Amino acid sequence: MTRPFRLFALMFLYLPLSTSCQTLNNSTESLRNKIEQIVSDKKAVVGVSIIGNNGNDTISLYGDRRFPMQSVFKFHIALAVLSEVDKGKFSLDQTIEISKDDMLPEDFWSPLRDENPNGGSFTVEKLIQYSVSHSDNTACDILIRLIGTPKTVEEYFRKNNIQDIQITFNEEEMQAKWENMFENWTTPKAASETLRMFYENKDNLLSKSSYDFFWKTNKETTTGQNRIKGQLPEGTIVAHKTGWSGTNKETGITAAVNNIGIVFLPNGEYFIISVFVSESKESFDTNEKIIADIAKATYDFYTTTTE
């Protein structure tokens with residue numbers, strides 16, 4: 001073995017495994033190409049933002065475009081409420097009285113209403129669980145009223161340097177007119193940055209108890225099982241939030257099939273992923289599969305490059 005070759009071999013041998021694998025893969029360009037291939041023949045606008053490899057990798061597609069959040073904003077509402085809990089203005093075990101008249105009508109998704117048609121007493125903790133884990137619209141609007149208005153939520157994130165977000169309407173108002181949903185928007189990059197910021201919690205935006213409760217609640221999400229989680233290995237832990245607009249009966253266009261979350265890998269690492277499918281003429285199943293395909297491609301990329 002010649003000396004230069006021997007030195008190269010030794011250098012390669014002592015590179016960290018993830019670094020050598022990333023070198024072999026050259027960059028995340030292969031993942032970007034795969035994502036572009038997934039969406040290339042779809043009649044939809046697909047916004048994607050991915051943060052992986054301990055924040056060293058960032059990939060986006062229409063990352064700065066504004067997409068309607070729909071129920072994804074319940075993720076943000078819960079965080080704004082928990083910030084008030086941490087200030088001592090409320091407590092998770094504080095009871096909120098909800099009357100029958102406070103329950104949203106039957107054409108709104110609300111397991112809370114279905115289970116308690118005459119109203120009842122519910123803790124703030126339970127309302128957050130219903131709103132985030134089960135995407136309950138009644139619980140969502142009660143939580144907004146608890147801390148102020150939809151703008152109160154928006155202002156909380158802007159104050160914490162998430163600027164690409166607008167929250168104008170609660171669920172009842174948002175669903176009153178098709179056009180209203182477009183007034184509640186964020187960008188894929190801003191969604192992923194929000195996930196990163198509150199998961200890393202470097203600035204102690206959440207107390208330990210609020211942090212543990214919040215992320216446990218997101219891991220218990222029951223909606224959107226065919227989206228980010230759809231093609232991942234059974235048992236993969238995903239902390240996520242979904243959103244969906246339904247399809248416009250006049251145009252046949254679906255404005256939003258969304259999923260944002262954190263996917264935890266077998267080696268203990270994770271990646272952040274935000275996918276917004278909009279202006280879609282595809283079927284609901286196809287829209288969900290777009291998200292599942294992108295999540296699976298990302299999972300495969302990071303599990304392959306860290307083996």
Side-chain angles (χ1 to χ4, degrees), residues 5 7-42 44-64 187-200 215 218-219 221 224-242 257-277 282 285-307:
F5 185 79
L7 287 173
F8 175 81
L10 288 170
M11 288 172 61
F12 184 84
L13 180 64
Y14 286 102
L15 279 172
L17 188 56
S18 60
T19 302
S20 61
C21 290
Q22 287 285 33
T23 301
L24 290 172
N25 281 275
N26 192 23
S27 70
T28 55
E29 198 62 30
S30 61
L31 177 57
R32 169 183 287 279
N33 292 340
K34 179 64 176 177
I35 292 170
E36 290 177 344
Q37 180 182 352
I38 289 167
V39 304
S40 63
D41 63 343
K42 303 301 186 297
V45 176
V46 182
V48 180
S49 173
I50 295 165
I51 302 173
N53 188 24
N54 296 314
N56 294 314
D57 297 343
T58 58
I59 299 171
S60 70
L61 188 68
Y62 293 111
D64 294 315
T187 68
K189 283 184 179 179
S192 288
E193 177 59 19
T194 301
L195 287 158
R196 185 199 63 77
M197 187 167 68
F198 283 91
Y199 186 71
E200 292 181 355
W215 289 107
N218 280 273
K219 290 174 184 177
T221 291
Q225 296 300 300
N226 293 324
R227 299 182 201 177
I228 289 176
K229 295 184 73 173
Q231 297 177 34
L232 301 185
E234 186 175 353
T236 300
I237 297 173
V238 181
H240 65 118
K241 185 69 197 80
T242 59
V257 178
N258 307 330
N259 205 180
I260 70 169
I262 301 177
V263 178
F264 296 89
L265 301 170
N267 65 356
E269 296 184 3
Y270 61 87
F271 66 84
I272 292 166
I273 181 168
S274 300
V275 185
F276 294 80
V277 181
E282 304 288 352
D285 289 346
T286 297
N287 290 327
E288 287 202 310
K289 189 175 184 298
I290 291 169
I291 298 174
D293 286 347
I294 292 171
K296 181 61 162 59
T298 308
Y299 182 93
D300 289 347
F301 177 80
Y302 283 113
T303 52
T304 298
T305 56
T306 56
E307 283 181 353

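Residue numbers run from 1 in the order of the sequence given. Just so you know, these numbers come straight off a predicted model, no measurement behind them.
- Going from atom OG1 of T58 over to atom CG of N53 covers 10.5 Å, rounded to the nearest 0.5 Å.
- Between Q231 atom CD and I294 atom CD1 the span is 10.5 Å, to the nearest 0.5 Å.
- Contact check for Y299 versus P266: side-chain heavy atoms found under the 4.5 Å cut-off.
- Side chains of R227 and V257 form a contact here, defined as non-hydrogen atoms less than 4.5 Å apart.
- To the nearest 0.5 Å, atoms OG (S274) and CD1 (I262) are separated by 9.5 Å.
- For the pair I273 and A295, the tightest heavy-atom approach, listed with the atom from each and the gap, is CD1-CA, 3.8 Å.
- In terms of heavy-atom proximity, A44 sits nearest to V277 at CB-CG1, 4.0 Å.
- The environment of OH in Y62 is sparse: at most 12 heavy-atom neighbours from other residues, nucleotides or ligands sit within 6.0 Å.
- To the nearest 0.5 angstrom, K189 atom NZ is 13.5 Å from R196 atom CZ.
- Closest approach of A191 to I260, counting heavy atoms only: CB-CG2, 4.1 Å.
- The two residues W215 and A239 have their closest heavy-atom pair at CE3-CB, 3.8 Å.
- The shortest heavy-atom contact between F301 and S30 is CE1-OG, 3.6 Å.
- A 4.5 Å side-chain heavy-atom check between I59 and V48 finds every atom pair outside the cut-off.
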> Step by step, would you call V263 with T298 a side chain to side chain contact (heavy atoms under 4.5 Å, CB included)?
Replying inline: CA-CA 10 Å; V263 178; T298 308; over 6 Å; no
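- Going from atom CG of L232 over to atom CG of L265 covers 9.5 Å, rounded to the nearest 0.5 Å.
- Residues D57 and I50 have side chains not in contact (no heavy-atom distance under 4.5 Å, counting atoms from C-beta outward).
- Under a cut-off of 6.0 angstrom, the local environment of NZ in K219 is crowded, with over 12 non-hydrogen atoms contributed by other residues, nucleotides or ligands.
- The backbone N or O of S49 lies less than 3.5 Å from a partner atom in the side chain of S192, making a donor-acceptor pair.
- With D293 contributing its side chain and I38 its backbone, the two residues share no donor-acceptor pair below 3.5 Å.
- For Y270 and Y199, the ring centers sit closer than 6.0 Å to each other.
- Proximity of T187 to F276: side-chain heavy atoms (C-beta onward) are nowhere separated by under 4.5 Å.
- The two residues A297 and K34 have their closest heavy-atom pair at CB-CG, 3.6 Å.
- Using a 4.5 Å heavy-atom cutoff, the side chains of F264 and T236 are not in contact.
- No more than 12 heavy atoms of other residues, nucleotides or ligands sit less than 6.0 Å from atom NZ of K289.
- Taken from CD1 in I272 to CD in E200, the straight-line distance is 6.5 Å, to the nearest 0.5 Å.
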